[in-house]
Asker: 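Next up is a structure, given as structure tokens.
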Amino acid sequence: MSQPRKHNFGAGPCILPKNVLIEAANGVAQLENSGLSVLEISHRSPDFEQIITNARNLVKELLEVPDDYSILFLQGGASMQFCMIPMNFLNRNNTSAAYLDAGYFGQKAIKEAELFGNINIVASSSQSAYDYIPIDFHVPDDAAYFHCTSNNTIEGTEMFEFPDTGVPLICDMSSDIFSRKIDVSRFSLIYAGAQKNMGPAGVTLVIVKDSFLENVSGNIPSMLDYRIYRNSNSLFNTPPVFAIYATMLNLRWLKSRGGVKFIQTENSAKAQLLYDEIDRNPLFYGLAKRTHRSLMNVTFRMYQPKLETDFLAYVTEQGIVGIQGYRTVGGFRASLYNALPYESVKVLVECMRAFAEQNN
Ligand SMILES: *Cc1c(COP(=O)(O)O)cnc(C)c1O
């Protein structure tokens, strides 16, 4: 490559391992002696059967998905799940669903769900700019499900415990899936857009408990019906072949590195290094309440906001990209997804130190 790799702290689409990019590029040129590019193969071919089976098996192995769950690959991003979930599970007139309002994406999920039925917002942290995740709330027994977001990508908060609500638990894990161990058996449905921590944009992972799918009733358009995807092995129509291929390569990389357990330790070390500097450095402060600080997306600002432009210019010179905060939040957000090396966090921390020395 002509340029050295940047230190990519982008929130999504996010950094992927260099070797995965090279393997994906090779597959675009020619898929393992098939005489065809991965972009040219039929989604009904044995080659693709192998790819999607491998991808599914890697998801199952890495997340220890129990046998009574289906692993599906969909399109439409995590955002399409915002409407698919209520369409499938909130389709009887007399039910409501419970939602936790703890961030920008959860709020978007609520907005879509409200198109389909009665939505009960059991708790909200919107009054404090979503700097924490509510933990004290009651979910009514008759709710069709309870929906939450495990990691709030924009605000930089993460759920480290999931409530026992007595109703089916649905979770948007787009930005922390495969970053830490989770007990899949606690959830009725988990979903994640690939481009945060799993692969390139274009595919969405859904892990759903088979018995939960029995609750689906009514007339649902095929493309929005989970049962159709399960019954067709995610091959009801042409799936995003390349995105599934690159996801498979990335999960293989994760497995070769030691899996979720290994990466969780490394992710904790990366986050610790950065939060320690934020807390120590007189120029910076963190935006999320300490107990809810995300290990994936670290949000912070400077006590003197006018220095933020200079700091951004300074880190850009050092090869750092993607740390500008979300437009409604401001400041900085450093995303520390699985493929981001510890070394890159060190470079950022050194920049913070050097900048503090220049500006004290
Ligand atoms: C990025 C993100 C989304 C939206 O994902 P798309 O795939 O762009 O629709 C939803 N939820 C969370 C937690 C996200 O980080």
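Just so you know, ligand 1 is whichever comes first in the structure, and atom 1 is the first atom listed for that ligand. Side chains included, hydrogens not; waters and symmetry mates left out as well; all remaining heavy atoms used.
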Asker: Is the contact between Thr149 and ligand 1 made by the side chain, the backbone, both, or neither, using heavy atoms and a 4.0 Å cut-off?
Answerer: side chain
Asker: At a 4.0 Å threshold, what atoms of ligand 1 neighbour a non-hydrogen atom of Gly77?
Answerer: 7 (O), 9 (O)
Asker: Do Asn197 and Asp176 meet the criterion of a side-chain donor-acceptor pair at a distance under 3.5 Å?
Answerer: no
Asker: Could you identify the single nearest non-hydrogen protein atom to atom 5 (O) of ligand 1 and state the distance to 0.1 Å?
Answerer: Ala78 CB, 3.5 Å
Asker: Can you classify the ring geometry of Tyr303 versus Tyr285 as parallel (below 30°), tilted (30 to 60°) or perpendicular (above 60°)?
Answerer: tilted
Asker: For Phe332 and Phe311, take the angle between the two ring planes, folded into 0 to 90°, and tell me which bin it lands in: parallel under 30, tilted 30 to 60, perpendicular over 60.
Answerer: perpendicular
Asker: Please indicate whether Ile135 has more than 12 foreign heavy atoms, meaning atoms of other residues, nucleotides or ligands, lying under 6.0 Å from its CD1.
Answerer: no
Asker: Please identify each residue that fulfils side chain to side chain donor-acceptor pair (under 3.5 Å) with Asp67, with sequence neighbours left out.
Answerer: Lys60
Asker: Can a non-hydrogen atom of Gln81 be found less than 4.0 Å from any atom of ligand 1?
Answerer: no
Asker: Mind checking whether Tyr104 contacts ligand 1 via backbone (N, CA, C, O), side chain (CB onward), both or neither, at a 4.0 Å heavy-atom cut-off?
Answerer: neither
Asker: Could you check atom 11 (N) of ligand 1 against the protein and tell me its nearest heavy-atom contact, residue, atom and distance included?
Answerer: Asp172 OD2, 2.6 Å
Asker: Does ligand 1 have a heavy atom under 4.0 Å from the side chain of Gln195, from its backbone, from both, or from neither?
Answerer: side chain
Asker: Looking at Glu32, I want to see if its CD is surrounded by more than 12 non-hydrogen atoms of other residues, nucleotides or ligands under 6.0 Å.
Answerer: no
Asker: Would you say Ile154 contacts ligand 1, with heavy atoms under 4.0 Å as the rule?
Answerer: no
Asker: Near Phe82, which atoms of ligand 1 are under 4.0 Å from a heavy atom of that residue?
Answerer: 10 (C)
Asker: Is it the side chain, the backbone, both or neither of Lys196 that has a heavy atom closer than 4.0 Å to ligand 1?
Answerer: side chain
Asker: Give the residue, atom name and distance (to 0.1 Å) of the protein heavy atom nearest atom 4 (C) of ligand 1.
Answerer: Phe105 CE2, 3.6 Å
Asker: Going by the atom numbers of ligand 1, which of them fall below 4.0 Å from some non-hydrogen atom of Asn151?
Answerer: 13 (C)
Asker: What is the closest protein heavy atom to atom 9 (O) of ligand 1, and at what distance does it sit?
Answerer: Ser79 OG, 2.6 Å
Asker: Cation over ring, Lys196 on Phe105, under 6.0 Å and within 45°?
Answerer: yes
Asker: Anything under 30° is parallel, anything over 60° is perpendicular, the rest tilted; go ahead and classify Tyr314 against Phe355.
Answerer: tilted
Asker: Looking at Thr153, which atoms of ligand 1 are within less than 4.0 Å of one of its heavy atoms?
Answerer: 12 (C), 13 (C), 14 (C), 15 (O)
Asker: Have Asn88 and Arg227 got a donor and an acceptor in their side chains that come within less than 3.5 Å?
Answerer: no
